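Take a look at the structure below.
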Number of protein chains: 2
Amino acid sequence: MSVTIKDVAAAAGVSIATVSRVLAHKDRFYSPATAEKIMTVARDLGYQKNSAAVELVTQKSQVLGVIVSSTQTNFADQIIAGIQDTAFARDLSVIILYAGVNDDRLQQKAIQTVIERSVRGILILALELNDANRQLLDQTPIPHVFLSTTSGHEQDAFVASDDFKIGQRATEYLINKGHTRIGLAAVEATSYVGQKRLAGYRNAMANHQLPIESEWIQAGHFTYADGLVAMRQWGPTPPIDAVVAMSDLAAVGVLNQATDFHLNIPNQLAIVSIDGTDLVKWVRPQLTSITQAFYDMGVAGVNLLLNTDTQPPAAQLLPFKLDERASS
Amino acid sequence: MSVTIKDVAAAAGVSIATVSRVLAHKDRFYSPATAEKIMTVARDLGYQKNSAAVELVTQKSQVLGVIVSSTQTNFADQIIAGIQDTAFARDLSVIILYAGVNDDRLQQKAIQTVIERSVRGILILALELNDANRQLLDQTPIPHVFLSTTSGHEQDAFVASDDFKIGQRATEYLINKGHTRIGLAAVEATSYVGQKRLAGYRNAMANHQLPIESEWIQAGHFTYADGLVAMRQWGPTPPIDAVVAMSDLAAVGVLNQATDFHLNIPNQLAIVSIDGTDLVKWVRPQLTSITQAFYDMGVAGVNLLLNTDTQPPAAQLLPFKLDERASS
DNA sequence: GTGAAAGCGCTAACAG
DNA sequence: CTGTTAGCGCTTTCAC
């Protein structure tokens with residue numbers, strides 16, 4: 001059995017109530033002398049507080065739960081860094097739960113875990129929940145915000161980039177560069193993110209009276225393989241002269257397959273990637289990208305979560321930028 | 001206030017003991033009829049168990065704590081996937097805590113958090129603890145194993161690759177290819193991993209009567225920037241004809257800087273990378289690599305942790321392989 | 001300033 | 001098969 005406040009109390013010759021008060025830095029209703037004695041004894045005995053007991057009695061927890069999908073994408077680390085730093089500053093702990101890749105059971109398990117621990121709040125990263133799991137979450141009083149995705153439900157809070165504008169901006173950039181036949185790689189038409197970016201693309205093309213061929217748009221799920229496949233569909237003499245990839249990973253897939261086709265990037269095919277993680281700087285040519293503010297997304301997410309107590313949930317769109325590199 | 005077994009008991013017209021028994025799938029000392037009624041009532045009421053209460057009374061937890069350093073490296077995901085799958089199969093939850101990059105405070109906070117929650121076991125990923133933090137861990141009865149690193153202390157359990165052999169094997173592969181002036185990039189001489197790989201390299205060189213120049217060995221911490229810097233040190237007419245990089249990230253750094261120097265890879269400079277994550281297949285030319293069994297490391301780690309109850313902690317070395325690609 | 005005592009929600013003997 | 005009861009370690013009134 002580990003050492004409890006009872007042990008500390010006995011060793012210090014005081015009551016457990018007093019020990020509890022000084023260890024929890026409660027009020028200042030105790031003399032400095034007792035406080036010091038208790039602290040010393042506690043340290044000597046190797047006392048560690050039992051969070052289960054604390055949370056049981058206080059009915060609240062100082063931990064934030066983050067649910068991530070296993071890396072289809074590679075930007076989660078940045079968001080988590082933002083979350084971690086902000087939480088740390090507010091003296092909260094962060095626990096991260098992987099929810100697999102489109103695995104409803106794992107997703108459920110992760111949600112269940114955070115609910116049962118009645119965490120202070122839940123952050124859902126780049127993940128779309130199925131109806132059952134959403135319901136599970138909504139049943140609880142635990143505040144939750146979606147990051148880099150939306151739940152698709154008005155009442156939910158989320159922090160993300162404006163995906164419509166991202167699609168629009170990337171497309172317009174290429175149009176301004178003189179491209180007219182612009183393709184899309186790894187478009188996930190079933191997700192809100194994918195739909196919005198696609199809409200932004202269509203909007204930009206329409207605004208410039210540019211027609212779109214259906215074969216220009218290749219479906220996928222943001223992965224490297226999807227980029228590869230998209231380019232393979234277009235073939236060695238592609239019908240397009242530029243492409244917007246829906247993720248850095250997909251962009252690299254497009255790039256590698258295009259290079260294998262001996263296409264010159266950017267002369268024969270320009271590439272713009274969406275995300276702007278370090279990966280775009282590791283490949284050659286370096287990829288022009290829409291760079292999202294992932295770290296800030298983590299920061300904003302935590303703040304939003306903590307404000308949910310006092311304010312109604314809100315949506316927040318973060319600015320992004322376009323970084324020009326060698327691929328366009 | 002959320003719904004408790006008391007509420008369920010009242011609604012179902014039984015005692016809380018019975019509710020507890022059926023909800024915990026205890027024994028089968030209750031009639032199917034009561035069981036069913038209770039399950040229905042619980043679902044209708046939206047009952048969620050309170051882990052804090054359960055853990056407080058049972059004095060044990062069904063969660064595994066994983067402590068990771070923020071990604072200096074990019075293989076943590078694979079290890080975590082292995083951990084997650086194994087834990088899931090055993091009906092354990094996994095919580096992941098980021099410990100920053102060489103940030104003692106964050107590291108401490110992470111350890112503190114898992115200790116206070118008295119998790120079932122702790123997995124430490126590619127992280128070396130400072131003395132204070134090690135002591136903190138050793139004071140507790142919670143079993144812990146190091147993954148992809150060792151604590152440097154005999155009595156601790158760990159799962160890793162044999163880093164001496166990795167250094168040796170990579171070097172010998174290059175020697176057999178006819179290289180004689182072999183450099184090392186991003187060597188972290190302060191870490192056990194770094195030291196062992198370095199020793200393996202020296203051993204291989206010595207076995208073939210090959211001299212080593214000190215400038216061939218460039219220090220670093222496994223990062224992309226370290227690879228870049230190493231190659232910059234060697235310059236456009238490098239004193240070496242082959243290099244072993246201590247991580248995939250570092251290898252890509254070397255590769256990019258070498259390419260910028262207009263060096264032909266592998267003719268003027270061969271590169272072997274250590275890790276073998278997907279990144280080596282994303283760059284061009286693809287990198288020959290020592291490929292570590294990261295997923296298996298996660299699996300083995302969990303199993304080792306769970307056996308600690310019955311067996312003394314042990315060390316485990318996992319096999320690795322050499323995958324030849326275009327960079328050598 | 002400090003102590004006594006009443007639980008938080010749940011499990012686990014022990015009766016019946 | 002089911003109910004009663006005694007805590008797990010801690011916080012928090014309420015007295016003194």
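What you see is a predicted model, and the numbers here were worked out from it, not measured in a lab.
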Without decimals, in angstroms, what is the distance between [X] [atom1] and [N] [atom2]?
X	N	atom1	atom2	answer
A:Leu23	D:dG9	CG	P	15 Å
A:Lys49	D:dT11	NZ	C1'	12 Å
B:Lys60	C:dC10	NZ	P	18 Å
A:Leu56	D:dT12	CG	C1'	14 Å
B:Glu55	C:dT11	CD	P	11 Å
B:Ile38	D:dG3	CD1	C1'	12 Å
B:Ile16	C:dC14	CD1	C1'	15 Å
A:Gln59	C:dA6	CD	P	19 Å

Side chain of [X] only, please: which of [options] is the nearest?
X	options	result
A:Ile5	D:dC8, D:dC10, C:dT11	D:dC10
A:Tyr47	D:dG3, D:dC10, C:dC10	D:dC10
B:Ala17	D:dG9, D:dT4, C:dA5	D:dT4
A:Thr18	C:dG9, C:dT2, D:dC10	C:dT2
A:Ser15	D:dT5, C:dG3, D:dG3	C:dG3

When we call it a touch if two heavy atoms are under 4.0 Å apart, what does B:Val54 touch: a base, just sugar-phosphate, or nothing? sugar-phosphate

Does B:Thr58 reach a base, just sugar-phosphate, or nothing at all? Heavy atoms under 4.0 Å. sugar-phosphate

Ignoring backbone atoms, test whether [X] places a side-chain nitrogen or oxygen under 4.0 Å from the OP1 or OP2 oxygen of [N].
X	N	result
A:Thr34	C:dT2	yes
B:Ser31	D:dC1	no
B:Ser20	C:dC10	no

Closest-nucleotide mapping onto DNA chain D: is A:Ala53 or B:Ala35 further toward the 5' terminus? I mean the 5' end. B:Ala35

Within 6.0 angstrom of A:Gln139 CD, more than 12 heavy atoms from elsewhere: yes

Quick one: CZ on A:Phe75 to CG on A:Leu125, what's the gap to the nearest 0.5 Å? 7.0 Å

Separation of B:Asn130 CG from B:Asp103 CG (nearest 0.5 Å): 10.5 Å

How about A:Ile83 and A:Ile79: do any of their side-chain heavy atoms sit closer than 4.5 Å? yes

Are any of the side-chain heavy atoms of B:Ile122 and B:Ile111 separated by less than 4.5 Å? no

